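A quick note: this is a predicted structure, and the numbers were derived from the prediction, not measured. For the single chain, residues carry numbers from 1 onward in sequence order.
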Amino acid sequence: MKISARNVLKGKVVDIVKGATTAHVMIDVGGTIVTASITNESVDDLGLVKGMTASAVIKSSDVMVAVE
């Protein structure tokens, strides 16, 4: 796979919660859960299931920084 995004976080799908049109896909990336909101159709097209390896690809023109 070649992609222009520089932030590709490889991990394991730990949960998929489908709604009416949108699904929340949770990926465990080294102990941190990254959640993506994608269409149900995309979940089906990608063949996403719990336990499989997948990557969270982050492409954004804005990156925010926060501290506690």
Legend entry - Under 3.5 Å donor-acceptor, N40 side chain and G19 backbone: yes
Legend entry - Closest contact, heavy atoms only, K10 versus V29: O-CG1, 3.8 Å
Legend entry - Verify same cluster id: I38, V57 (apolar side-chain graph, 4.5 Å): no
Inset, instruction - Would you check, one step at a time, whether the test side-chain contact (heavy atoms from CB on, under 4.5 Å) holds for M26 with V17? - result: CA-CA 9 Å; M26 280 65 90; V17 180; 3.8 Å; yes
Legend entry - Closest contact, heavy atoms only, K12 versus G51: CG-O, 3.7 Å
Legend entry - Side-chain touch I27/I33, heavy atoms, less than 4.5 angstrom: no
Inset, instruction - Give a yes or no on this: more than 12 heavy atoms of other residues, nucleotides or ligands lie within 6.0 Å of atom NZ of K18. - result: yes
Legend entry - V8 vs I58 side-chain heavy atoms within contact, under 4.5 Å: no
Legend entry - Close side-chain approach of V43 and V25, heavy atoms under 4.5 Å: yes
Inset, instruction - Indicate if I3 and L46 have the same hydrophobic cluster label, given that clusters are the connected sets of ILVMFWY residues with side-chain heavy-atom separations under 4.5 angstrom. - result: no
Inset, instruction - Could you state whether L48 and V14 fall into the same hydrophobic cluster, counting links through intermediate Ile, Leu, Val, Met, Phe, Trp or Tyr residues with side-chain heavy atoms under 4.5 angstrom apart? - result: no
Legend entry - pair L9-V34: side-chain heavy atoms closer than 4.5 Å: yes
